[in-house]
Amino acid sequence: MPFGKKSTSSPSNTFNLPRRLRRLADLAYNLWWTWGRDADQVFELIDRETWEVAYHNPVSFLRLVDHDHLLAASHDSHYLDLYDRVIQVFDDYMTGGDNTWYARHHQEWFNQPIAYFCAEFGIHEALPIYAGGLGILSGDYLKEASDLGMPLVAVGILYKEGYFIQGISKEGGQEAHYADLSFSDLPMYPVLDDQGEKLTIEIKFPGRDVYACLWRVHVGRVLLYLLDCDVANNKQSDRDLTARLYVSDLELRISQEIILGIGGVRALYALGYKPAVWHLNEGHSAFLTLERVRQLTADGSTFEEARNQTIGSTVFTTHTPVPAGHDEFPLRLIDKYFNAYWPQLNLERKTFLDLAYNKQPWGEMFNMTILAVHMSGQLNGVSELHGHVARQMWSHLWPNKPVDEVPIVHITNGIHTCTWLARHLQHLYDRYLDPEWMERLDDPKIWENIERIPDNELWEVRCHLKHKLVAYLWERASQQRLPGKVHPGQVISSGIRLDPDTLTLGFARRFATYKRANLILRDPERLLRLIKNPSKPVQVIFAGKAHPADEPGKHLIQEVYRQVKRADSEGRLVFLEDYDMNLARYLIQGVDVWLNTPRRPNEASGTSGQKAAINGVLNFSVLDGWWREGFNGGNGWAIGEDRDYEDTEIQDEKDAESLYQTLEEEIIPLYYQRSADDLPREWLGWVKQSIITLAPRFSMRRMVKEYISEMYQPVLPG
Ligand SMILES: *Cc1c(COP(=O)(O)O)cnc(C)c1O
């Protein structure tokens, strides 16, 4: 597999490490440590406090940690056992590329790289270049590609300011804070050319050239290249092109997408890659198809030949039925940025615009999804229902086909199991599942042995995880919100009164209105009665960011916060600031019930409920996206019915009624029903059913294998 140009000095000399621990430097620069067994412990156990201060970023950690702590660890036999074991597993993993699943099953494609493009990658909280589900999915995808041994190379953007940090005012207003990331403290390398200079990509913009340099992130065996315009050759406004993720200014946005798509293709070619498959994960990167056509026509092909060749090697995954999720640009911007480009494709303006033309009531637009559809040979949505909706949504692009024959298939999303599974549960699964369970995550047979876990052991881990969550939130509430600095109500709203023995519901995701965070608050008095029931109380934890330009989304946060702050909720309704992967891990591992209330069919898949499920948390969700496929009547609960509504007001009303009724009549009684030895045995029976039925099917392993066989195989040679 090509590793691009040689570019780096060994990282070990950037830290002052005791010789015995010098391999920590290699581990710090490979995000394998985020999912490798016990690998995070190798850093954390040196000095917990600094590990938190560094926000789990091992590069900053190794720079910050007191040398005495390193020395102490280098003499601690207990620590060294762990260190040696983790380094051994890491080395075996990194050198084991010839004996992976992919090598065994697809030797013939071993030299056919797959290029994977996405606007965001959520690999770990220490690399905050993601906003939500799309980014987490692409991060999980890279990890699984690495585990399976796929020759995948990924391309994204390095956002200097990351996504924003969220604060909530006393009145519930969302405040967006931005801070520059310190690139030299991030786990990545600058890509250098043969002369040892930063490798730079050049992109023609109106009246000037824009330059981007590249950073290389190691995700196990997979490399992720990030484009970065903050280079000295650019004028200041161009240096800021890659400052922020999902800007609303359309001109900035088209510039970013040109950098990702066109710059990304040039980057891969400059690095020596010749991908056999180009996978567009969402439409933001669709300009890449034009750049490939341009290069092929420059080499002598006609437009039609170049286009067909591009289509024959491009895969496009669409991720949402929500219109705002499909970028489109007014033609004046296309004229400005592409009028020198379409002649290079041997096209006239009109034929160029036809590649992505969309007539909207407010004007003529160039639509990135339509471009991706027209330029890709393989198309898919991300759940069965979403596939159906996507075929309807785009059927006008196939005027001669009935809707059912529109060639958009579906592959339901999954999650990277080892990333999201709590360490204590991993150890429990080690004891009761087949020793090979980690190698066979997507095999339903493996998971049947969950039945063998004794109830008391499973319950003990579940209680531990909830205590850990609550303890973490107490700590956060008291640290972030120093008494006297904020309104006492804000401290209570951030979880200081949570009780680790109370039935706990979690709701955390982006605050987009279709996700209806307020559904459970529709009848606040009814909810308060449940919360305040002295013998069977309930508490609800909310978290999530709204896009800074999404006024209805921010309004929704405000509405939720108003209810959270009510004195009579007694601190059992909570809103946590700044939802990210770190907080997500605590929540999906620590709550009892994971709530999801999208207005069907808008949740294309959803993945947080899958993370919850593998940790023994029960799902309680609308039958939309993945849950419509996962729910079987005995592994969690449905909100509402398996049907669509014309009228959203009626839909909201019915769904809310269903939610309250199921909570009152089924979930709460089941949770508090205890056996003579004080175990919720029936609840645990549901938990086991949930893990058994959901863990294999909604694993990233199953998902990536399906992408290989259904989306890539038709495109790969042979
Ligand atoms: C998993 C995850 C998401 C996606 O959750 P959905 O249920 O798909 O909305 C968003 N943000 C973070 C931080 C996550 O971990």
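Note that ligands are numbered from 1 as they come in the structure, with each ligand's atoms numbered from 1 the same way. Quick note: residue numbers are just sequence positions, from 1. Treat the numbers as computed from the prediction; the structure is a model and nothing was measured.
Residue pairs meeting the salt bridge (charged side-chain N to carboxylate O under 4.0 Å, His left out) criterion with at least one member in residues 409-418: none, sequence neighbours excluded.
Here D592 pairs with K466 in a salt bridge; the nearest charged N to carboxylate O distance falls below 4.0 Å.
Remark: H326 engages W394 in a ring-ring contact (aromatic ring centres under 6.0 Å, His included) (not counting sequence neighbours). Taking H424 as the reference, H464 meet the ring-ring contact (aromatic ring centres under 6.0 Å, His included) condition, with sequence neighbours excluded.
Here the side chains of I541 and L505 are not in contact, with every heavy-atom distance at 4.5 Å or above.
Judged by distance alone, the side chains of T419 and H416 do bring a donor and an acceptor atom under 3.5 Å apart.
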Check ligand 1 for N or O atoms under 3.5 Å from a protein N or O and list each pair with its distance.
| unit_1 | atom_1 | unit_2 | atom_2 | d |
| --- | --- | --- | --- | --- |
| ligand 1 | 7 (O) | S608 | N | 3.1 |
| ligand 1 | 7 (O) | S608 | OG | 2.4 |
| ligand 1 | 8 (O) | T607 | N | 3.0 |
| ligand 1 | 9 (O) | K515 | NZ | 2.9 |
| ligand 1 | 15 (O) | K611 | NZ | 2.6 |

